[in-house]
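In what follows, a structure is listed as structure tokens, so that the remarks can point back to it.
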There are 2 protein chains.
Amino acid sequence: MTDEHLQKAAQLLDENGLRKTRPRLEILCVLLEADSPLTGEQVFERVTAGSVDKATVYRTLLLLLKHDIVHNAYLRNRIRHFELAHHCKPDRCHPHFTCRDCGRTVCLYQAIVPDVQNLPAGFLVLHRQTRLEGICADCRVRHYS
Amino acid sequence: MTDEHLQKAAQLLDENGLRKTRPRLEILCVLLEADSPLTGEQVFERVTAGSVDKATVYRTLLLLLKHDIVHNAYLRNRIRHFELAHHCKPDRCHPHFTCRDCGRTVCLYQAIVPDVQNLPAGFLVLHRQTRLEGICADCRVRHYS
DNA sequence: TACTTCTTGCAAATCATTTGCAAATAGATT
DNA sequence: AATCTATTTGCAAATGATTTGCAAGAAGTA
Ligand SMILES: [Mn+2]
Ligand SMILES: [Mn+2]
Ligand SMILES: [Zn+2]
Ligand SMILES: [Zn+2]
């Protein structure tokens, strides 16, 4: 939990008129340190041991979701994943790639996803998410040896 | 459960070397009749009342998933949704649109989703899913009156 | 500091899904 | 058609993830 992350966490809460409580700051720091979407369970494990209750983790993630500070990512299984929205545009999240071999999920920050064409008339799109599945670079190399 | 659907259901099971049991035929007919992805619970409700156990519904959906006869759709909540794969290409599902107002999900069979550009080197994409959120045509009209 | 309101921890509840197991059945074999 | 054997099913109980009720504890404000 670096000082820089703590600053950023406090700022996010301030901007949204939310109280700066210890659990919230810790949870935001965990999310700031993560390099891919986390489950509630994973956030719980990464927070300073025993310092935050699991119910509080979930309640906080839901609160941050409501304020659009975090987004849900929809990966392969039925478990919700959460990540900070700061790498997303208001109308779209960056795509996620999940490897069928090693199971890891990678955030594709630099990928370009063109708009969906030929939508039915009258539909207003406010948000878009793209989910890719396949074999990651590491696993492809591994299979050649 | 039309005769045509029953035929198709039997055919799907045959093609995959699966036994044609009454629960499987019923479940496939439910999926053939559905116009958007269904949860296990919804499949259970739509099957002839009391004729199939809920555990069997889930076991069957998982079996059909393994044989790529159905796909999972990832919608807003943490509940898995299932739909027949016959409207999908092997490497991509048609997009789904979920209305933030009425909550309905629409299958966008005719939409065109261009490929993702600028992927990191060495990644092999085997499957893609696109999820849209916004306001559906009906709800937009409703809000103008 | 005192106050008011929001937030937390804890325990229990809920929801979706999965599992163990004995009875039932599909499809192959006689 | 009756028999056989591996699969499949129903039922009840277990599981895993998430949510809720409530009294005690903090945050922000006066
Ligand atoms: Mn991401
Ligand atoms: Mn669909
Ligand atoms: Zn991999
Ligand atoms: Zn709508």
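To find a chain, count down the sequence lines: A is the first, B the second, and so on, and within it residues start at 1.
Between the CD1 atom of Ile27(B) and the C1' atom of dT9(D) there is a distance of 11 Å, given to the nearest Å. For Leu18(B) and dT7(D), the CG to P distance is 12 Å, given to the nearest whole Å. Rounded to whole Å, the distance from CZ on Phe82(B) to P on dA16(C) is 13 Å. For the pair Glu41(A) CD and dG16(D) C1', the computed distance is 9 Å after rounding to whole Å. With rounding to whole Å, Gln42(A) atom CD is found 16 Å from dG16(D) atom P. Summarising the geometry, the separation between CG on Asn16(A) and C1' on dG28(D) is reported as 17 Å, rounded to the nearest angstrom. In this structure, the CG atom of Asp53(B) is 17 Å from the P atom of dA23(C), given to the nearest Å. Nucleotide dT9(D) holds its P atom 11 Å from the CG atom of Leu61(B), rounded to whole Å.
Here the side chains of Glu83(B) and Cys107(B) are in contact, with some heavy-atom distance below 4.5 Å. Arg22(A) places none of its side-chain heavy atoms less than 4.5 Å from the side chain of Thr48(A).
For Arg100(A), the CZ atom sits in a packed shell: over 12 heavy atoms of surrounding residues, nucleotides or ligands are nearer than 6.0 Å.
Nearest-nucleotide assignment on DNA chain C puts the 5′-proximal partner with Arg80(B), out of Arg80(B) and Lys20(B).
Comparing dT9(D), dG9(C), dT20(D) by their nearest atom to the side chain of Ala55(A) picks out dT20(D). Ranking dT18(D), dG28(D), dC10(C) by closeness to the Lys54(A) side chain, first place goes to dT18(D). Taking every side-chain heavy atom of Ile79(B) into account, dA16(C) is the closest of dT19(C), dT9(D), dA16(C). You'll find that the side chain of Arg19(A) is closest to dG28(D), out of dG28(D), dT19(D), dA16(C).
Of the side-chain N and O atoms in Tyr58(A), none sit less than 4.0 angstrom from OP1 or OP2 of dT19(D). Under 4.0 angstrom from either OP1 or OP2 of dG20(C) there lies no side-chain N or O belonging to Arg59(B). The side chain of Thr21(B) contributes an N or O atom lying less than 4.0 Å from OP1 or OP2 of dT9(D).
No close placement of the His96(B) and His81(B) rings is indicated, their centers lying 6.0 Å or farther apart.
Remark: Arg131(A) qualifies as a cation-pi partner of Tyr74(B) under the 6.0 Å distance and 45° angle criteria applied to the six-membered ring.
Backbone-only contact: Arg24(A) has heavy atoms under 4.0 Å from sugar-phosphate atoms and none from a base.
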